[in-house]
Protein chains: 2
Amino acid sequence: MTSTDPTSRPSVRPTRQRRAVAAALAGFDDFRSAQEIHDLISQQGESVGLATVYRTLATLADAGEVDMLRNEDGEAIWRSCSDTHHHHLVCRTCGATVEVEGPAVERWTSAIASEHGYGDISHTLEIFGTCPACR
Amino acid sequence: MTSTDPTSRPSVRPTRQRRAVAAALAGFDDFRSAQEIHDLISQQGESVGLATVYRTLATLADAGEVDMLRNEDGEAIWRSCSDTHHHHLVCRTCGATVEVEGPAVERWTSAIASEHGYGDISHTLEIFGTCPACR
DNA sequence: GCGAGTTTGACAATCGTTCTCAACCGCGGT
DNA sequence: ACCGCGGTTGAGAACGATTGTCAAACTCGC
């Protein structure tokens, strides 16, 4: 590592571009694709390369500051999230999203995994349904 | 529509190609990508176009005869499915799959859902990790 | 065996995402 | 304020999965 930072943080610089992406993320609370976020930034008068949007989103996702999941077409979609691990309850009609936590599920998945000798575990869990307003 | 069939079934013909895909699917029990299935068919001495593999898999998935899900890269992967509801513990290196059941999870998801007033619930839960052999 | 409607396959076209690499910029030292 | 060392960016090429195109091949019922 080249980092001289004792916290071993890879030194993320606060550039104009990263600020623009953060600002765009603050502007909506549902899941958006990278392209949509890129367009949104343009509409806010900033100019940021698409590749940079991807890079920044990936970094933020890595840092746990945004959620990334995939829609049914396999496309990556993002939104800013709270800092704790959680899952989503998504209305399949209007897209309304509720963040839910399930310590029991977390425990269950790692238990199942190690029970079968699997390591380096991750999991995806999304719940789809129809929200009260759409019924 | 051009269908004159009173049952409105779209008339799926049992062609050599579709049989080859079905045979390939019967030859493994983990999740494979379309490309891998295509290769497998070649190795079995058959020749089927990649586009046809995609088309056939899509049809089978539609009919509920195969499971299709997406790996962490957003790639579609398929396998023939059993008829009971279950989830998967998938090795992200070799693809080895273990079917797991989680009554607790099922209960938890519906509890969470109704707690938020959501109905008509479905969910996806996949666990990815590294299997003992690949570590 | 015939004709109509399906299905196929080779390949082009899409489309989301990543890579490349020279130019650029933030930051800490001087 | 000036320098220089990386980290960062952007334009566009590259990539890889998936889908569309369309003429030729095939199935099926007659």
Side-chain angles (χ1 to χ4, degrees), chain A residues 1-24 31-42 44-63 66 68-79, chain B residues 1-24 31-42 44-63 66 68-79 92 95:
Chain A
M1 305 306 127
T2 59
S3 176
T4 55
D5 191 301
T7 65
S8 81
R9 190 181 311 156
S11 82
V12 176
R13 294 180 184 167
T15 63
R16 175 182 66 78
Q17 290 84 343
R18 294 207 237 257
R19 251 175 273 119
V21 172
F31 283 89
R32 302 286 178 91
S33 73
Q35 311 269 355
E36 289 171 331
I37 294 173
H38 179 252
D39 290 349
L40 207 55
I41 292 173
S42 301
Q44 293 178 348
E46 293 282 341
S47 174
V48 177
L50 181 55
T52 300
V53 173
Y54 273 105
R55 274 187 294 241
T56 305
L57 286 173
T59 302
L60 289 174
D62 241 35
V66 301
M68 188 265 262
L69 61 87
R70 299 197 177 262
N71 65 20
E72 291 198 329
D73 294 331
E75 232 180 302
I77 49 180
W78 286 271
R79 70 169 230 169
Chain B
M1 302 309 114
T2 57
S3 175
T4 55
D5 191 303
T7 66
S8 78
R9 188 182 312 156
S11 81
V12 177
R13 292 182 184 166
T15 65
R16 175 181 67 78
Q17 289 83 346
R18 294 206 238 258
R19 250 176 274 121
V21 172
F31 282 88
R32 303 286 178 91
S33 71
Q35 312 269 357
E36 288 170 332
I37 293 173
H38 179 252
D39 291 348
L40 208 54
I41 293 173
S42 301
Q44 293 179 347
E46 293 281 340
S47 173
V48 177
L50 181 56
T52 300
V53 172
Y54 272 106
R55 275 186 295 242
T56 304
L57 287 172
T59 302
L60 290 174
D62 240 36
V66 302
M68 187 266 262
L69 61 87
R70 299 201 175 260
N71 66 17
E72 295 190 330
D73 294 330
E75 233 181 301
I77 49 181
W78 287 269
R79 68 171 236 169
R92 64 165 73 81

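Predicted model only: the values in this text are computed from it and were never measured.
The structure places CG of A:Asp62 at 12.0 Å from OG1 of A:Thr56, a figure rounded to the nearest 0.5 Å. Considering CG of B:Asp39 and CG of B:Leu50, their distance stands at 9.0 Å, rounded to 0.5 Å.
Backbone-only engagement by A:Ser47 is indicated by non-hydrogen atom pairs under 4.0 Å involving sugar-phosphate atoms exclusively. Among the protein residues, A:Arg55 comes within range of the nucleic acid bases, having at least one heavy atom under 4.0 Å from a base atom.
Spacing between atom CG of A:Asn71 and atom P of C:dC15 amounts to 15 Å, rounded to whole angstrom units. We find that CD of B:Glu36 is positioned 14 Å from C1' of D:dG16, with the value rounded to whole Å. Taking atom OH on A:Tyr54 and atom C1' on D:dT9, their separation rounds to 17 Å, with Å as the unit. The interatomic distance linking B:Glu72 (CD) with D:dA17 (P) rounds to 16 Å, in whole Å. B:Gln17 places its CD atom 8 Å from the C1' atom of C:dT7, with the value rounded to the nearest Å. Regarding A:Ile37, its CD1 atom lies at a distance of 14 Å from the C1' atom of C:dG16, rounded to whole Å. The CZ-P distance, from B:Arg13 to C:dT6, rounds to 7 Å in whole Å. Remark: P of C:dC15 and CG of B:Asp73 are 21 Å apart, rounded to the nearest angstrom.
Side-chain proximity of A:Arg18 to the nucleotides D:dT18, C:dT17, D:dT8 is greatest for D:dT8. With C:dG9, D:dT18, D:dA11 as the candidates, the nucleotide lying closest to the side chain of B:Gln35 is D:dT18.
Here the side chains of A:Arg18 and A:Arg16 are not in contact, with every heavy-atom distance at 4.5 Å or above. With contacts defined as side-chain heavy-atom distances shorter than 4.5 Å, the pair B:Leu69/B:Phe31 qualifies.
Between B:Thr15 and C:dT8 there is a side-chain polar atom (N or O) within less than 4.0 angstrom of OP1 or OP2.
Each of B:Leu50 and B:Arg16 lies near DNA chain D, and the nucleotide nearest B:Leu50 is the one positioned closer to the 5' end. With DNA chain D read from its 5' end, the first of the two nearest nucleotides for B:Pro14 and A:Thr52 is the one closest to A:Thr52.
Closest non-hydrogen pair, B:Glu75 versus B:Ser33, comes out as OE2-CB, 3.6 Å.
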